[in-house]
Protein chains: 2
Amino acid sequence: MIKTQKHAALELTEKQNLVMETLAKSKRPLGAYSILDALRDDGFKAPLQVYRTLDQLITLGMVHRLESLNAYTVCQLDSCASRNSQSASFVICEMCGLVEELAHSNVEGIVSRLLTNFDFRPTKTAIEIRGVCASCQS
Amino acid sequence: MIKTQKHAALELTEKQNLVMETLAKSKRPLGAYSILDALRDDGFKAPLQVYRTLDQLITLGMVHRLESLNAYTVCQLDSCASRNSQSASFVICEMCGLVEELAHSNVEGIVSRLLTNFDFRPTKTAIEIRGVCASCQS
DNA sequence: CTTGAATTGTTATCTTATAACATGAATTAT
DNA sequence: ATAATTCATGTTATAAGATAACAATTCAAG
């Protein structure tokens, strides 16, 4: 194995790259079926192909699922992919649909704060703050 | 209107009471269709009846939706109903399914901490911490 | 009453997700 | 090499979650 060191990004399969590009092009999180529709001409024929690819990307920390939207978005932070983090925090504007990921340097401390007095070993945290963004507060 | 002062609990409709009882009896969060199945003999015939009742109870702060489970649970804190709070925080054990609600005296401070430097007006926050509970860590 | 508004019932449908099994590719043992 | 095993992917069918659209009913105001 004389191959040069591989970067995570280069390891992606064709299908994974297609899903990443689709999500990256979109300004908003996408549902699995929207991704499927966008990729019908690229070999995606069934929902499960999308769901499996999303699962892989989520495991890599490159995509997050927005639990309260049943939708998926590319990770906006380099830190997630580099640590395979499945945890993420988002603000979601209920007026315009804007979604922004919060840096989670803060989040880990906050989670352990919340768990004070709870004997609980966290593996994956979802924080979704819904409300009104700056532009929409006018 | 000479009626005595009403408590929130006394205001509940028949259907709302049935859903509350069903959720309270269950040790685990329930999906809307499980609730429907449990209440088929009590006049519930269609999903929408369950969803509408759940929405009402959620608005009252008496039921919370677990976004990452697509399931519903009675609020375990008196503080939610008393302030009609739609925000809640949970720990969810991925081994045994245990779900426990975290007091949110902490949570509000934490949310504003997370939003430092974000011009965002939060209305509803979902925090769901998945992991392994004390019993399952053995 | 009776009109209009709001709630509740009902059917149909849409969206999201996964089970179950088939096919094919890679891996190892013989 | 090739059979046997395992693991990933394809495909069909269906389960589970949610809501749209409209009908029927209730209920308060005129």
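Residue numbers start from 1 in every chain, and the chains themselves are labelled A, B, ... in the order their sequence lines are given, proteins ahead of strands.
Between A/Ser89 atom OG and A/Glu100 atom CD the span is 12.5 Å, to the nearest 0.5 Å. To the nearest 0.5 Å, the span separating CG on A/Asp42 from CG on A/Leu18 amounts to 5.0 Å.
Contacts of residues 90-99 of chain B with DNA chain C (heavy atom under 4.0 Å): none.
Ion pairing between a basic and an acidic side chain is recognised when a charged N comes within 4.0 Å of a carboxylate O; B/Arg130 and B/Glu128 show no such pairing.
When all heavy atoms of B/Arg65 and B/Asn70 are compared, the pair lying nearest together is NH2-OD1, 2.8 Å.
In the hydrophobic cluster analysis, where Ile, Leu, Val, Met, Phe, Trp and Tyr join through side-chain heavy atoms closer than 4.5 angstrom, B/Val74 is grouped together with B/Leu12. Cluster membership for A/Leu98 and A/Leu102, using ILVMFWY side-chain heavy atoms within less than 4.5 angstrom, is not shared. Criterion: ILVMFWY side-chain heavy atoms under 4.5 Å apart, direct or through other members. Under it, A/Val132 and B/Val111 are not part of a common hydrophobic cluster. Hydrophobic clustering places A/Ile127 together with B/Phe120 (ILVMFWY residues linked when any side-chain heavy atoms are closer than 4.5 Å, directly or through intermediates).
B/Gln16 has no side-chain polar atom (N or O) that falls below the 4.0 Å cut-off from OP1 or OP2 of C/dT7.
B/Ile58 places its CD1 atom 14 Å from the P atom of D/dG17, with the value rounded to the nearest Å. Regarding A/Leu54, its CG atom lies at a distance of 18 Å from the P atom of D/dA8, rounded to whole Å. Counting to the nearest Å, the C1' atom of D/dT11 and the CZ atom of A/Phe44 are 15 Å from each other. In this entry the distance linking CG of B/Leu66 with C1' of D/dA16 reads 17 Å, nearest Å. Atom pair B/Leu36:CG and D/dA18:C1' shows a separation of 13 Å (rounding to whole Å applied).
The residue B/Glu14 sits apart from the nucleic acid: no heavy atom pair falls under 4.0 Å.
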Exercise. What one-letter contact string describes nucleotides 9-19 of chain C from 5' to 3', where B marks a base within less than 4.0 Å of any protein heavy atom, S marks contact via sugar-phosphate atoms alone, and - marks no contact?
Worked result: BBB----BBBB

